[in-house]
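Structure, as C-alpha cells:
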Number of protein chains: 2
Amino acid sequence: MFTLDQARAFVAVAEELHFSRAAERLHMTQPPLSRQIQKLEATLGVHLLLRESRGVRLTAAGEAFLIECRQLLEKAESAPVRARLVEQGKIGLLRIGHTSMASFSVLGELLRRINEEAPGVKVELREMVTSRQIEGLTDGTLDIGLARPPVPEEFIDSVPLLLEGLAVAVADDHPLARRGEAVSVDELRTEPLIMYSITEAQYFRDLVVSLLHVSDEQVTYTVSQALTMVTLVAAGHGSAVIPASAGLFSFPGVTVLSLRESPADAVQLHAMWSSESNNPALRSALPVLNTLAVSS
Amino acid sequence: MFTLDQARAFVAVAEELHFSRAAERLHMTQPPLSRQIQKLEATLGVHLLLRESRGVRLTAAGEAFLIECRQLLEKAESAPVRARLVEQGKIGLLRIGHTSMASFSVLGELLRRINEEAPGVKVELREMVTSRQIEGLTDGTLDIGLARPPVPEEFIDSVPLLLEGLAVAVADDHPLARRGEAVSVDELRTEPLIMYSITEAQYFRDLVVSLLHVSDEQVTYTVSQALTMVTLVAAGHGSAVIPASAGLFSFPGVTVLSLRESPADAVQLHAMWSSESNNPALRSALPVLNTLAVSS
DNA sequence: GGCGGTTACGTAAGGCGTAAGAATT
DNA sequence: AATTCTTACGCCTTACGTAACCGCC
C-alpha cells in the first residue's frame with residue numbers, strides 16, 4: 001500500500017508537471033522524489049505519469065488518481081483538527097434529558113446559550129421523567145438532565161435553574177376565577193382536584209401533599225404531567241395545583257391563580273450531570289449552566 | 001503528520017479495544033503497536049484512548065477520529081482501484097463529436113453499445129461539423145468523431161459506420177411526390193433546389209455536384225445542414241438532395257424519394273479517432289466501433 | 001551542452017521483535 | 001499470580017542526499 005507522503009509527492013509532481021520544482025516544493029531533492037513516484041506507480045500497478053523530453057504529463061489514470069489523492073490528503077489534514085475540536089468540546093454531542101415542564105421554561109434559553117457558547121455542539125433532546133434522567137446520567141447515556149430534586153449526591157453534580165411557586169388552575173367559570181385573587185389552601189379543601197401520580201410524578205405529589213390536605217374523595221383524576229392537568233381543568237374535570245410557569249401559557253378556558261401559602265421556591269428544576277463524564281462537549285456547556293443558575 | 005499505518009493501527013485498537021488482539025489482527029507484536037498509538041496521539045496532540053486496567057476505552061475525540069480514519073482508509077483503498085479501472089478504460093470519459101445527421105442514425109446505437117461494453121465510461125456529446133471534429137481529434141480535445149470523409153491519413157484512424165444513398169426531398173404537392181417513384185437526376189435539371197454551403201458542408205456539396213449539374217439559377221437557398229433543407233422543402237422553397245437516412249423521419253409536408261443515379265454508398269459517415277490517443281476509455285470503445293463498422 | 005529525469009551508494013532515521021518492567025485485579 | 005499496557009535495546013528496513021549517468025532538444 002502507498003503512503004500519505006507518496007500521495008503528497010504525486011500531487012506536487014502532478015501540479016508542477018516538473019520533478020525538480022515539485023521536489024523544491026516538498027523541501028527535498030529531486031532523486032528521492034523520482035524514486036517515490038516510481039515506487040507509487042509500482043505498488044499501484046498503474047502508470048500515472050508520461051515522462052517526456054519536455055517535462056511530464058498525466059495519464060488518464062493519473063488524472064483520476066490526482067483527484068482521489070487531493071481528497072485523501074484533505075481528509076488526512078482535517079481529521080486531526082476535528083479530533084482536537086472534539087477534545088476541546090468545541091464540537092460534539094450533548095444528550096440532554098428534560099421533563100416536559102422544562103421545555104416550557106428554561107430549555108429554550110439553555111439551548112440558545114449553548115449554541116452561542118459552542119456552536120459546533122449538536123444537542124439531542126429527550127423528554128424523560130426525573131428518575132430516567134438519573135439513570136441516564138449514571139450509565140452514561142445522558143450528558144445533562146433537567147430534572148426535579150432530590151439530586152443524588154453520588155457522582156452527580158447540579159445547579160438549580162428554576163425556582164418557582166405553585167399556582168392553582170381553575171376553569172374560567174369557577175367562582176375563584178371570577179374573584180381573580182390569590183387562592184389559599186383552605187379554599188381548596190372541598191374542591192374536586194386533579195392529582196399527580198405517585199409513581200410518575202412523586203416530586204409534585206409530595207410537594208402538593210405537604211401544602212394541602214388532600215382527601216381521596218376530592219381527587220377526580222391522577223395524571224403524570226402538569227400540562228395534562230391544564231387540559232383536564234379546561235374540560236371541567238376539576239382544579240389543579242401546578243407550577244407557576246405552567247400558567248405563563250394562557251390556555252383557553254383556564255385561569256391560573258397563585259397559591260398564597262406556596263413559597264416562591266417551592267418547585268425546583270435542576271440541571272444535573274455526571275461528575276465523572278468525560279464528554280468534552282459537557283465541559284463547554286458547564287459555564288452556560290452556571291450562568292443560568294439561580295441561588296436556591 | 002500521521003501515517004496511514006498509524007490510522008490502521010488506531011482503527012484496529014479502537015475496534016478490538018485491546019492492544020494484543022489488535023496487534024494480532026495487524027500481524028505484528030503488541031509493543032510496537034503501543035508505540036505507534038502513542039506516537040499518533042503525540043502528533044495529533046490529542047488523547048484518543050483511555051487506558052484502563054481492564055483494556056481500553058475511546059475518548060470522545062477518539063470516537064470522532066475513528067470515524068475519520070475509517071473514511072480515510074476506505075479512500076486510500078479505493079483510490080488505486082479507481083486508477084487501475086481508469087487505466088483499463090473501464091471508467092473514464094469519452095468525448096464524442098458528431099454531425100447533426102449522425103444523431104439521427106448510428107449515434108443512438110453507438111452509445112447503447114459503449115454503455116454495454118464499458119458501463120463506467122461517461123460520454124460527452126458535442127455536435128460539430130466535420131472540420132471541427134478533425135481539429136478536436138488532432139489537438140486531443142475529442143476522443144471520437146462521427147464525421148464525413150475524407151479521413152486525413154495522418155494520425156487519424158477510422159472505420160465507416162454508415163453508407164447510404166442520396167434521396168430527394170420534395171413537397172407533398174409536387175408532381176414527383178404524386179408520382180411516387182424514384183427520381184432521376186435529369187428530372188431535377190430545372191427544379192428549384194436548396195443547396196449545401198461550400199464552406200460548412202463541402203462534403204455534401206461535392207457529392208451533389210458530382211451527380212447533378214446544378215446551375216446557379218436553380219439554387220434558392222444555401223444551407224449547412226440536411227435538416228434545415230427538409231424544413232425549407234416543407235415551407236415550399238424548393239427541393240433538396242439529402243442523405244437517405246434523413247428521409248427515415250417523416251416530416252409533415254415532405255416526401256422523400258430515392259435518387260436513381262446515386263450509388264448505395266454515396267454518403268459515408270465514419271468514426272474517427274486519433275491513433276495516438278492515450279485515453280484508455282477510447283481503447284474500450286474501439287471494439288464497439290469495429291463491431292458497428294460496415295464494409296466500404 | 002544544458003535541461004530533466006534516473007540510477008548508484010553511503011548515511012541516518014525509524015520501525016519491528018525480544019525481553020524486561022509496571023500497574024491493576 | 002495473571003493480565004495488560006509500557007519501556008529498553010539491538011537489528012534491519014528504508015528514505016534521504018550527494019554524485020554520477022542517460023536521453024533529448
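To find a chain, count down the sequence lines: A is the first, B the second, and so on, and within it residues start at 1.
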Please list, in numerical order, the residues of residues 23-42 of chain A that have a heavy atom closer than 4.0 Å to any atom of DNA chain D.
A:Met28, A:Thr29, A:Pro31, A:Pro32, A:Arg35, A:Gln36, A:Lys39

For DNA chain D, which residues of residues 4-13 of chain A approach it to below 4.0 angstrom with any heavy atom?
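None, since no heavy atom is under 4.0 Å.
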
Basic-acidic side-chain contact under 4.0 Å: B:Arg113, B:Glu109
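B:Glu109 and B:Arg113: salt-bridged.
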
With sequence neighbours left out, what residues match A:Glu52 under salt bridge (Lys or Arg N to Asp or Glu O under 4.0 Å)?
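A:Glu52 satisfies salt bridge (Lys or Arg N to Asp or Glu O under 4.0 Å) with A:Arg57 only.
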
Checking A:Arg283 now: which residues fulfil salt bridge (Lys or Arg N to Asp or Glu O under 4.0 Å) with it, not counting sequence neighbours?
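Result, salt bridge (Lys or Arg N to Asp or Glu O under 4.0 Å) vs A:Arg283: none returned.
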
Is the number of heavy atoms from other residues, nucleotides or ligands under 6.0 Å of [X] [atom1] greater than 12?
X: A:Glu68; atom1: CD; answer: yes
X: A:Glu127; atom1: CD; answer: yes
X: B:Lys90; atom1: NZ; answer: no
X: A:Glu15; atom1: CD; answer: yes

Separation of C:dG5 C1' from A:Arg21 CZ (nearest whole Å)
13 Å

Is there a side chain to side chain contact (heavy atoms under 4.5 Å, CB included) between A:Asn290 and A:Leu292 once you walk through the steps?
CA-CA 5 Å; A:Asn290 284 316; A:Leu292 290 174; over 6 Å; no

Can you run down the salt bridge (charged side-chain N to carboxylate O under 4.0 Å, His left out) pairs that involve residues 145-154 of chain A, sequence neighbours left out, and say none if there aren't any?
none

Would you sort out whether B:Phe19 and B:Arg51 count as a side chain to side chain contact (heavy atoms under 4.5 Å, CB included), showing the intermediate values?
CA-CA 10 Å; B:Phe19 274 75; B:Arg51 277 81 163 173; 4.1 Å; yes

Hey, where on DNA chain D does chain A first and last touch, going 5' to 3'? Cut-off is any atom under 4.0 Å from a heavy atom.
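First-to-last contact on DNA chain D, by the 4.0 Å heavy-atom rule, is D:dA15 to D:dC25.
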
